[in-house]
Peer 1: 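Following this message is one structure expressed as C-alpha cells.
Counting starts at 1 for both ligands and their atoms, in listed order. Side-chain atoms are counted along with the backbone in the values below, which use heavy atoms only and exclude waters and symmetry mates.
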Amino acid sequence: MSVWSLYTEDALRLRGRSLLSMADLTPDQVSGILDLASALKSARGGVCPVNWSGSRSLAMIFEKASLRTRVTFELGMRELGGVPIVLGPAEIGLGKRESVGDVARNLERWVSAVMARVFDHRVLVEMRDSAGIPVINGLSDLEHPCQILADLLTLRERLGRLEGARIAWVGDGNNVAHSLMIGCALVGASFIAACPRGYEPRPETVALARSVSAAEASVEVVTDPIEAVRASDAVYTDVWASMGQEHEASERRRVFMPYQVNSALMAHASEHAVFLHCLPAHRGDEVTDEVLDGPQSAALDQAENRLHAQKAVLALLIGA
Ligand code: CP
Ligand code: NVA
C-alpha cells in the first residue's frame, strides 16, 4: 500500500502549497501531517516509504543562526532521498546583492522547494508570491510553524490527545507563541498565555487564532503566570529576547524575571503536565535547570520530532 493512500484528500491538497503560517493549514491537514510524521518516525531506520531518489531538492536559506532547523531539514531531505542545499547568511545577500523576487525566480528554476529563516516575515510572503514552488517558513519574526507541528506531535505522544488539552504559554508573546496559539486552535486545544504588559502576542494573531478555533477551545492572554499555568496539561516557554532583539536583553531580563518557569510555577500545573521549550534555552532565565532537565521536560522530544514533522511537511508539499 502506498503511504499516500493513508492520507485524507485535504492533506494531499497541500501539494505545491507554501507553509508560512499555521493558519495556512486546516485542522484536517494538521492531523494528516501528524499522522504522516508518526508513520515516518516508526519507519525510521528501515526503508523510508518516500524515496525521491535524488529527483527533488530543497534550498535552505538562513539569515539567522540555527541548530535544530538546519540539521533536521538537511537530514530530513536526505532521508526522503532528496537533495538539500544550504545557503548561509553570507552567501546570497538576500534583498541586498539581489532582490528577494529575483532570488525566488532563480531558485524555482532549479529546486523543488525553499525553506527560509528570515528576520522579516514579509520576505517570506514576497518569496512565496514570486516563486512557483512551495516556500516553508523556517522561523520569521512572526511565526515558527515547523516548530509547532513538531510540538503538537510531541504533545499527542505525551498526552495521548490534543483536543480538549489546556496549553499554557509563559513569557514573551513571540513568533513561537503565535504559531502555538493558532496550532492549538486548529486542534481544539485551549491556549492561555501569561505575558508582561507590552509583550503580549499581536492582537491580530490572537484574533486569527480565535477565528479558526474549535468552539470549545479558548484563546486567552493574561498577565499572571500562575493563572495561566493552573491545571494546565503543558507549560511552554521560550527565550525572553529572540534573535534580532539581543540589544533589549538586559531590559527584558528585568521585566520577564517573574515569568521564569521553575519548580514552584510548575507545581500549579496538572500533576501530569509536560514542560515544553523550542530551544535554544537560556538556562537560569526563562527556565531553570531543574525544570528543563527534569522528568516533565519534553524539550528533546520536541527537537527530535522536528525531523519527523518536517519530513511529513516536505513529503506533502513537494509530493510523490
Ligand atoms: N527551535 C529551533 O528552531 O532551533 P534552531 O534555532 O536551533 O533551529
Ligand atoms: N523565539 C526564538 C525562537 C528560536 C527558535 C527566536 O526567534 O529567536
Peer 1: Tell me which one of F191, W169, F275 satisfies ring pair (Phe, Tyr, Trp, His ring centres under 6.0 Å) with Y236.
Peer 2: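 When F191, W169, F275 are each tested with Y236, the ring pair (Phe, Tyr, Trp, His ring centres under 6.0 Å) holds only for W169.
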Peer 1: To the nearest 0.5 Å, how far apart are CG in L314 and CZ in R56?
Peer 2: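 L314 CG to R56 CZ: 12.0 Å, rounded to 0.5 Å.
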Peer 1: Can R252 and D172 be said to form a salt bridge (charged side-chain N to carboxylate O under 4.0 Å, His left out), step by step?
Peer 2: CA-CA 9 Å; R252 282 173 171 262; D172 190 19; 3.1 Å; yes
Peer 1: Do you see a donor-acceptor pair shorter than 3.5 Å between the side chains of S218 and R210?
Peer 2: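 No, no side-chain donor-acceptor pair sits under 3.5 Å.
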Peer 1: Is a donor on one side and an acceptor on the other found under 3.5 Å between the side chain of S18 and the backbone of P134?
Peer 2: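 Not a single qualifying donor-acceptor pair exists.
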Peer 1: Measure the shortest side-chain to side-chain distance between D293 and R283 over non-hydrogen atoms and say whether it is less than 4.5 angstrom.
Peer 2: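 Answer yes - side chains close enough.
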Peer 1: With distance as the sole test, does E246 use its side chain to make a donor-acceptor pair with the main-chain N or O of G244 at under 3.5 Å?
Peer 2: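 Here the side-chain-to-backbone pair exists.
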Peer 1: Taking atom CD of E204 as the centre, does the number of heavy atoms from other residues, nucleotides or ligands within less than 6.0 Å exceed 12?
Peer 2: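 Yes, the 6.0 Å shell around CD holds more than 12 heavy atoms from other groups.
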Peer 1: Tabulate distances under 3.5 Å between N/O atoms of ligand 1 and N/O atoms of the protein, writing both atom names on each line.
Peer 2:
from	atom 1	to	atom 2	distance (Å)
ligand 1	1 (N)	Q147	OE1	2.9
ligand 1	1 (N)	C278	O	2.9
ligand 1	1 (N)	L279	O	2.8
ligand 1	1 (N)	R306	NH1	3.4
ligand 1	3 (O)	T69	OG1	3.1
ligand 1	3 (O)	R117	NH2	3.0
ligand 1	3 (O)	H144	NE2	2.8
ligand 1	3 (O)	R306	NH1	3.0
ligand 1	4 (O)	R68	NE	2.8
ligand 1	4 (O)	L279	O	3.4
ligand 1	6 (O)	R117	NH1	2.8
ligand 1	6 (O)	R117	NH2	3.4
ligand 1	7 (O)	L67	N	2.6
ligand 1	7 (O)	R68	N	2.9
ligand 1	7 (O)	R68	NE	3.3
ligand 1	7 (O)	R68	NH2	3.0
ligand 1	8 (O)	S66	OG	2.6
ligand 1	8 (O)	R68	N	3.4
ligand 1	8 (O)	T69	N	2.8
ligand 1	8 (O)	T69	OG1	2.7
ligand 1	8 (O)	R117	NH1	3.4
ligand 1	8 (O)	R117	NH2	3.1

Peer 1: Could you tell me if S263 and E290 have a donor-acceptor pair between their side chains, going purely by distance under 3.5 Å?
Peer 2: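 A donor-acceptor contact under 3.5 Å links the two side chains.
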Peer 1: Using a 3.5 Å cut-off on N/O to N/O, what pairs does ligand 2 make with the protein? A line per pair would be great.
Peer 2:
from	atom 1	to	atom 2	distance (Å)
ligand 2	1 (N)	N174	ND2	3.3
ligand 2	1 (N)	N175	OD1	3.0
ligand 2	1 (N)	D238	OD2	2.6
ligand 2	1 (N)	S242	OG	2.7
ligand 2	7 (O)	N175	ND2	2.9
ligand 2	7 (O)	S242	OG	3.4
ligand 2	8 (O)	M243	N	2.8

